[in-house]
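A short write-up of the structure that comes next.
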Amino acid sequence: MISKTILLVEDNPSDIELAKRAFAKSNILNPVEVAENGQEALDYLFATGKYSDRDNTQLPALVLLDLKLPIIDGLEVLRHIRSTKSTKRLPVVILTSSKEEQDIAKGYDLGVNSYIRKPVDFKQFAEAIHQLGIYWLVLNEYPPDIKISI
Amino acid sequence: MRIAKKNITCFAGFFTISTASLVLIGWIGNIDFLKSILPGSISMKVNTAVCFLLLGIALVLHYYHKGRYLILGIAILVILTGLVTLSEYFIGKNLGIDELLWKEGKGTVDTLFPGRISAPAALHFLLIGVILIIMPYPRMHMFIYFALLVVVLISGLAFLSFIFGISYLNSLPLLTKLALPTTIAFLILCLGIYYSNTLKPLRLSFQKKLTAAFLLIILILAIIFYIYGKNNEQFFNTAQWVENTNAVLYQSERVQSALTDIETGVRGYLLTDNIRFLEPFYKGKKDIQLFVEKLKKLTLDNAGQQIRIDSLISLIDKKISQSDLLVANLQVKKYVLGQSVALLAEDKKTMDMLRSRVLDIQNEEKKMLANKKLENEVSIANTGRIIYFFAFVMVIILFGMLRIIHTNFNARQKAERQLMTANKELESFSYSVSHDLRAPLRGIDGWSLALLEDYGEMLDEKAHQYLNRVRTETQRMGELIDDMIKLAQVTRMELKPAVVKLSELADRICKRQEELYPERCFMFSIQPDLQVYADARLLEIVLTNLLGNACKFTAKVPVAKIEFGKKNTNNSEAYYIKDNGAGFNMESAKKLFGAFQRMHKQSDFPGTGIGLATVAKIVQLYKGKVWAEASINEGATFYFTIDK
């Protein structure tokens with residue numbers, strides 16, 4: 001598998017570790033960049049603040065976005081991504097706890113590519129991550145005009 | 001404020017006692033103005049005064065929280081007095097209570113039955129007696145208010161008819177012969193009872209308040225119409241009087257002229273001895289009888305006039321006989337001069353008397369007309385005033401209604417705002433539950449599994465078991481949270497009604513269930529072509545829960561038979577889901593639809609106990625009903641209705 005970066009936007013340390021564990025279990029060896037709140041995620045994508053040294057033309061291959069985040073929440077991050085020209089077509093998958101109808105509806109309204117609910121059962125969670133990896137990192141064709149950081 | 005209100009009760013008691021005492025002193029000492037206290041009123045009966053005295057004492061005792069049994073005794077005595085008096089009116093017989101205490105002397109004005117309490121007063125005593133007995137029981141207070149209203153309305157109307165000088169209101173059956181001090185005493189007594197601190201304050205719902213105000217307005221309108229009708233009657237009555245008086249005047253003029261005819265006829269004949277002069281005499285003689293008769297008929301309702309007319313008739317007879325004698329004497333030519341002169345003088349005297357009698361009759365009639373006119377004018381003016389008064393009261397009531405509606409509207413708006421805030425809070429609560437409560441569970445499950453995977457070899461069998469148990473419990477907790485959220489979501493879901501093909505939906509759900517339990521044997525029978533107009537998502541939740549339960553609870557039978565259809569029960573069309581599974585005891589069926597209520601052990605049939613609560617909630621949204629029939633090991637049938 002080519003090592004394309006995955007941006008994991010997640011604030012819960014346990015969830016971060018579990019997600020990393022799930023990636024490892026599924027043999028997804030891509031580098032995982034973690035943003036612990038919405039602001040960090042945006043900083044990473046647009047190479048501002050903490051990430052001002054980063055080359056902002058290099059984008060992750062996939063953004064895994066939690067919704068309940070401190071400072072700037074997930075839907076707000078998504079809105080920014082979709083309203084900025086450079087990141088408009090970036091594949092974003094919402095990976096969150098809730099199955100609230102309003103969240104799902106708003107996510108799709110804002111142009112999310114997929115909505116996945118984290119199951120409590122870790123085995124199911126690992127399976128979901130596995131599928132995600134295969135689909136978005138292997139099967140899926142990337143949109144044009146996006147430079148994927150390799 | 002509270003102390004002041006309580007004092008009203010005490011004041012009312014003492015007021016009643018002193019009024020009654022004054023009246024009793026009046027009767028004992030035969031002082032007329034004390035019997036009626038207020039000038040122009042009819043006198044208060046001895047029995048009435050005694051009842052008031054007793055009630056006043058009872059009210060004061062009540063105020064000081066003393067002599068409960070004495071109050072009861074007084075109440076019973078007063079009730080008996082009221083009852084016996086009322087039955088006297090009903091059966092029309094004197095039962096001996098009227099003059100039991102006091103023999104009413106001759107010459108008492110305006111009394112139909114000596115010493116008898118008037119019918120409305122008797123009714124009031126009966127009601128107030130009952131009020132005194134039921135005062136300590138708050139559940140009866142509604143009746144107290146009703147009884148007070150009756151007493152106040154009747155006494156109030158009687159009071160108003162005195163104040164406004166409307167005599168005909170007094171002729172209403174319920175107001176007959178209520179003396180003015182009696183009505184005042186009743187009103188004060190009611191006031192005392194109303195402000196008594198044992199009386200639970202009246203709390204009426206919005207609808208009841210409006211209805212009461214509405215009924216009050218209707219009542220006032222009825223009174224106004226009655227008064228108006230009576231007023232018209234009086235106008236008519238005045239007109240009739242004028243007409244009648246004119247007729248009387250006319251007839252008396254004719255009598256007068258007939259008399260003059262008689263006289264001139266006789267005189268002419270006497271002077272000329274010419275028989276032709278007698279013509280007016282004969283005519284007058286003939287006519288006068290007719291005129292007098294008419295006159296008498298016109299004044300039939302007036303005894304004084306009748307007496308006057310009778311004396312007029314005898315004078316006329318005298319005059320005619322005198323005239324006849326004069327004429328007869330001349331005809332036989334045997335009159336003697338002196339005799340004739342005497343006869344003529346006599347005749348003139350009679351004629352003078354006749355003239356003055358006719359004048360008397362006319363004057364009396366004119367005087368009566370003037371009186372009647374004045375009386376009616378006063379009454380009409382009074383009527384105008386009372387109509388203004390009632391119109392004013394009506395306006396006040398209408399303002400009251402407006403205020404009630406306004407207050408209610410404001411309260412409703414406030415409640416709506418509160419409800420909206422509460423709903424928002426609930427929404428954010430359930431949102432945060434669905435996000436935050438599940439995250440740690442994932443951690444527990446994930447790390448337990450990590451422990452098993454990474455250090456499994458170092459752990460013995462028991463440790464494996466324990467860790468697995470941690471995981472199953474965690475997942476159960478996850479399910480519980482999910483189901484709870486679903487239940488909460490159902491209640492605040494926006495309904496999107498559409499035609500839902502129930503049979504197809506059930507079919508889909510059954511297929512899903514079959515996939516869920518591939519090792520089991522199902523026999524589904526689904527009535528085709530069932531459809532309902534409702535929210536598809538909600539109906540899917542209902543059917544998924546009910547069919548899911550049916551599949552779950554048939555796990556221990558070799559072939560699960562599950563049926564879905566519609567049938568008529570209790571006059572309504574109900575959908576049903578029938579299974580041949582474990583069933584349950586009907587005694588505990590009531591708890592079935594409450595949240596977290598379970599009928600089976602977790603180890604027998606797993607579940608969260610929220611599914612049926614969710615179903616009940618949804619059915620409730622559609623104003624339908626849900627119920628179940630079952631017995632242990634013989635399966636269960638769940639019914640639900642959806643109101644279209």
Side-chain angles (χ1 to χ4, degrees), chain A residues 8-27 34 36-38 64-78 94-107 115-130 132, chain B residues 423-424 426-456 467-496 535-538 540-541 608:
Chain A
L8 177 66
V9 190
E10 169 69 69
D11 67 317
N12 183 347
S14 170
D15 270 2
I16 296 167
E17 289 304 311
L18 284 173
K20 282 184 174 166
R21 190 178 162 84
F23 284 129
K25 288 258 162 205
S26 321
N27 280 326
V34 176
E36 290 192 38
N37 61 50
L64 293 177
L65 185 64
D66 191 12
L67 288 184
K68 263 204 112 191
L69 294 169
I71 309 176
I72 298 176
D73 74 20
L75 288 171
E76 202 51 43
V77 172
L78 180 61
I94 291 176
L95 188 65
T96 190
S97 301
S98 98
K99 210 167 62 167
E100 290 270 323
E101 222 180 60
Q102 46 174 1
D103 284 343
I104 301 175
K106 268 187 201 157
Y115 190 109
I116 306 227
R117 188 195 186 209
K118 291 186 233 174
V120 168
D121 186 339
F122 181 77
K123 278 188 176 156
Q124 287 176 30
F125 181 57
E127 176 60 24
I129 291 287
H130 177 67
L132 265 177
Chain B
N423 266 345
K424 277 223 176 89
L426 190 71
E427 217 164 288
S428 67
F429 173 74
S430 113
Y431 184 82
S432 106
V433 163
S434 73
H435 275 279
D436 299 340
L437 238 53
R438 284 167 50 90
L441 289 180
R442 264 199 321 277
I444 298 169
D445 187 73
W447 297 122
S448 315
L449 189 67
L451 206 57
L452 277 173
E453 284 172 351
D454 298 358
Y455 300 94
L467 278 172
N468 279 327
R469 202 154 276 178
V470 168
R471 291 197 59 221
T472 50
E473 289 301 309
T474 312
Q475 278 156 32
R476 210 173 109 65
M477 181 81 189
E479 277 165 33
L480 262 170
I481 292 171
D482 284 355
D483 284 354
M484 263 173 66
I485 287 161
K486 222 181 272 168
L487 178 62
Q489 271 176 341
V490 158
T491 46
R492 56 195 168 85
M493 220 145 134
E494 205 181 312
L495 296 182
K496 290 176 194 152
D535 188 299
R537 298 164 302 167
L538 290 181
E540 179 163 357
I541 295 174
T608 56

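Every chain is numbered from 1 and lettered A, B, ... according to where its sequence line falls, protein lines coming before strand lines. For clarity, every value in this text was computed on a predicted model and none was experimentally measured.
Heavy atoms closer than 4.5 Å to chain A are found in the side chain of B/Arg537, but not in its backbone. Neither the backbone nor the side chain of B/Ile444 comes within contact range of chain A, judged by heavy atoms closer than 4.5 Å. When heavy atoms are compared at a cutoff of 4.5 Å, A/Glu17 approaches chain B by way of both its backbone and its side chain. Both the backbone and the side chain of A/Lys123 come within contact range of chain B, judged by heavy atoms closer than 4.5 Å. For A/Asp103, the part sitting under 4.5 Å from any heavy atom of chain B is the side chain, from C-beta outward, and nothing else.
B/Gly446 and A/Phe122 make their closest contact through CA-CB, 3.5 Å (heavy atoms, listed as atom of the first residue, atom of the second, distance). Annotation for B/Ala439 and A/Asp15: closest pair O-OD1, 4.3 Å, computed over non-hydrogen atoms. Shown here for A/Ser14 and B/Gly443, the closest heavy-atom pair between the two residues is OG-CA, 3.7 Å.
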Please assess B/Arg442 against A/Ser97 for the test side chain to side chain donor-acceptor pair (under 3.5 Å), listing each intermediate value before the final yes or no.
-> CA-CA 9 Å; B/Arg442 264 199 321 277; A/Ser97 301; 3.1 Å; yes
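You'll find the side chain of A/Arg117 reaches within 4.5 Å of the side chain of B/Arg438, heavy atoms only. Using a 4.5 Å heavy-atom threshold, the side chains of A/Asp121 and B/Arg471 count as touching. A/Phe125 places none of its side-chain heavy atoms less than 4.5 Å from the side chain of B/Asp445.
Among B/Leu441, B/Leu437, B/Ile481, B/Asp454, the residue making the largest number of heavy-atom pairs under 4.5 Å with chain A is B/Asp454.
The residues A/Arg21 and B/Glu453 are annotated as salt-bridged, a charged nitrogen and a carboxylate oxygen being separated by less than 4.0 angstrom.
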